Amino acid sequence: MIIINPTYESLREWIEQLPNTFSTQGKIIYNARNQIRIINGPDGKVYNVKRYCCPKWYNRIIYTWFRTPKAIRAYQNALTLQQKAIPTPTPIAYILCGNTLLDESYLITEQSPLSHMLYELGDGIVHGREQMIAALGVFAATMHEKGILHLDFSPGNVLFDFVDNQWVFTLVDINRMRFGQVNYQVGCRNMARLWGGKEMYHILAEAYAKTRQLDAATCYQLMWQAHHQFWKGKKQPKSDFPVVLE
């Protein structure tokens with residue numbers, strides 16, 4: 001099955017060949033259980049193509065008959081985010097492979113021009129980043145006010161950059177999202193997976209609280225407790241930066 005964003009119907013022939021050509025095209029930017037490649041399209045633009053690996057046999061049954069595959073969810077969630085004016089790379093198409101049961105699947109999106117990830121906050125350094133951190137708090141609060149909850153709001157899934165004299169953010173890896181009212185407790189705890197120390201969370205909480213007209217101290221307490229609880233006892237992530245818990 002192939003579903004293509006009508007705006008990109010001109011890419012159909014190229015998209016249909018991706019399951020056969022994926023492994024020989026472009027540049028790998030992520031290679032673990034799933035693989036992501038940056039690939040030049042026939043129109044001269046750069047696209048992000050994610051291949052979801054073949055699920056285990058029981059998940060093949062689940063994703064075929066009982067649960068929406070990740071590629072479909074990510075594609076549909078991207079359309080919803082854009083309708084709500086929350087930045088995310090434009091979805092181009094998704095591909096589901098397999099005869100009776102789901103095999104591999106693919107998600108094709110535009111490649112984001114933003115060049116930074118929130119991993120950079122993991123070193124605990126706040127000086128010089130205050131405005132960016134505050135802007136992140138506003139972004140998260142705006143997202144929650146619009147009824148959007150990214151269930152994996154983590155350093156690798158938020159891209160950012162300074163564009164036209166302002167900090168801008170975009171969401172990626174969006175197959176796990178929830179839409180509906182997001183109260184302040186859930187919203188503050190949604191910040192748990194970010195990397196950074198207490199000073200960073202104070203700035204984040206103040207901007208978040210101001211945007212949602214909440215008490216900053218309460219927001220900070222919820223955020224920091226959730227952060228500490230999430231990371232306590234977890235294995236150190238593979239990165240140049242540590243997770244700051246103290």
Side-chain angles (χ1 to χ4, degrees), residues 32 77 81 84-88 112 114-163 166-246:
N77 288 345
L81 287 177
K84 293 177 176 288
I86 295 297
T88 194
S112 173
L114 305 188
S115 59
H116 298 275
M117 291 191 293
L118 293 181
Y119 288 121
E120 296 176 23
L121 296 178
D123 59 6
I125 298 174
V126 170
H127 181 69
R129 297 171 174 167
E130 294 89 348
Q131 291 184 351
M132 186 276 284
I133 296 169
L136 175 63
V138 172
F139 173 74
T142 301
M143 178 175 65
H144 293 159
E145 283 288 287
K146 292 184 176 184
I148 299 165
L149 190 68
H150 194 321
L151 297 178
D152 191 7
F153 195 70
S154 56
N157 294 338
V158 183
L159 309 181
F160 71 94
D161 219 327
F162 193 66
V163 181
Q166 63 180 340
W167 291 102
V168 294
F169 302 86
T170 192
L171 300 178
V172 296
D173 198 3
I174 56 173
N175 68 84
R176 295 179 62 243
M177 305 205 75
R178 184 179 300 157
F179 299 101
Q181 184 177 1
V182 180
N183 64 41
Y184 78 91
Q185 295 99 328
V186 171
C188 288
R189 294 186 180 113
N190 192 222
M191 307 290 105
R193 299 185 181 208
L194 299 180
W195 294 13
K198 289 184 177 180
E199 188 178 2
M200 186 274 281
Y201 269 94
H202 273 296
I203 298 171
L204 192 68
E206 185 173 348
Y208 185 93
K210 184 176 181 180
T211 304
R212 298 197 71 180
Q213 298 182 352
L214 302 168
D215 178 66
T218 300
C219 288
Y220 169 76
Q221 185 176 26
L222 286 168
M223 288 182 186
W224 185 252
Q225 287 179 346
H227 170 79
H228 197 278
Q229 187 63 35
F230 179 81
W231 287 109
K232 186 177 181 180
K234 278 188 167 53
K235 184 178 179 181
Q236 175 69 40
K238 295 180 180 179
S239 171
D240 294 335
F241 301 135
V243 173
V244 182
L245 292 177
E246 300 300 335

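This one's a predicted model, so the numbers in the text were calculated from it and none came from an experiment.
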So do [Y] and [X] actually touch side chain to side chain, heavy atoms under 4.5 Å?
{"X": "V158", "Y": "M117", "value": "no"}
{"X": "V168", "Y": "F162", "value": "no"}
{"X": "Q181", "Y": "V186", "value": "no"}

Mind running side-chain contact (heavy atoms from CB on, under 4.5 Å) on L121 and L194 for me, showing each step along the way? CA-CA 8 Å; L121 296 178; L194 299 180; over 6 Å; no

Does E206 reach the main-chain N or O of L204 with its side chain, forming a donor-acceptor pair under 3.5 Å? no

Could you check whether any side-chain N or O of T88 sits under 3.5 Å from a backbone N or O of L81, counting only pairs where one atom can act as donor and the other as acceptor? no

Residue pairs, two or more places apart or on separate chains, that pass side chain to side chain donor-acceptor pair (under 3.5 Å) and touch residues 139-159: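 Checked against side chain to side chain donor-acceptor pair (under 3.5 Å) - neighbours excluded - the pairs reaching residues 139-159 are H144-N190, H144-Y208, E145-R212, D152-S154, D152-N157, D152-R193, S154-N157.
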
Which heavy atom of [X] sits nearest a heavy atom of [Y], and at what distance?
{"X": "A207", "Y": "G137", "answer": "CB-CA, 4.2 Å"}
{"X": "K198", "Y": "Y220", "answer": "CG-OH, 3.4 Å"}
{"X": "L114", "Y": "L159", "answer": "CD1-O, 3.7 Å"}
{"X": "A85", "Y": "P87", "answer": "O-CD, 3.8 Å"}
{"X": "A216", "Y": "A205", "answer": "O-CB, 4.0 Å"}
{"X": "G156", "Y": "V172", "answer": "O-CG2, 3.7 Å"}

side-chain contact (heavy atoms from CB on, under 4.5 Å) between L171 and M143, worked out: CA-CA 10 Å; L171 300 178; M143 178 175 65; 3.4 Å; yes

[atom1]-[atom2] distance between [X] and [Y], expressed to the nearest 0.5 angstrom:
{"X": "H227", "Y": "W195", "atom1": "NE2", "atom2": "CH2", "result": "10.5 Å"}
{"X": "M177", "Y": "F153", "atom1": "CE", "atom2": "CZ", "result": "9.0 Å"}
{"X": "L136", "Y": "R129", "atom1": "CG", "atom2": "CZ", "result": "12.5 Å"}
{"X": "K210", "Y": "D215", "atom1": "NZ", "atom2": "CG", "result": "14.5 Å"}
{"X": "I125", "Y": "H127", "atom1": "CD1", "atom2": "NE2", "result": "10.0 Å"}
{"X": "M132", "Y": "L118", "atom1": "CE", "atom2": "CG", "result": "6.5 Å"}

With Q185 via side chain to side chain contact (heavy atoms under 4.5 Å, CB included) - residues at least two apart: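 With neighbours one apart ignored, the set is N183, R189, L222.
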
Which residues share a side chain to side chain contact (heavy atoms under 4.5 Å, CB included) with Q225, sequence neighbours left out: Q221

Using ring pair (Phe, Tyr, Trp, His ring centres under 6.0 Å) as the criterion, list what pairs up with F179, not counting sequence neighbours.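 With sequence neighbours excluded, F179 shows a ring pair (Phe, Tyr, Trp, His ring centres under 6.0 Å) to no residue whatsoever.
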
F169: partners by ring pair (Phe, Tyr, Trp, His ring centres under 6.0 Å), with sequence neighbours left out: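 F139.
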
Partner set under side chain to side chain donor-acceptor pair (under 3.5 Å) for N175, not counting sequence neighbours: D173

Audit row: Y201, I133, side-chain contact (heavy atoms from CB on, under 4.5 Å) steps and yes/no: CA-CA 9 Å; Y201 269 94; I133 296 169; over 6 Å; no

With no hydrogens and no angle check, do the side chains of E120 and H116 hold a donor and an acceptor under 3.5 Å apart?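 Checked: E120/H116 side chains pair up, N/O donor to acceptor below 3.5 Å.
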
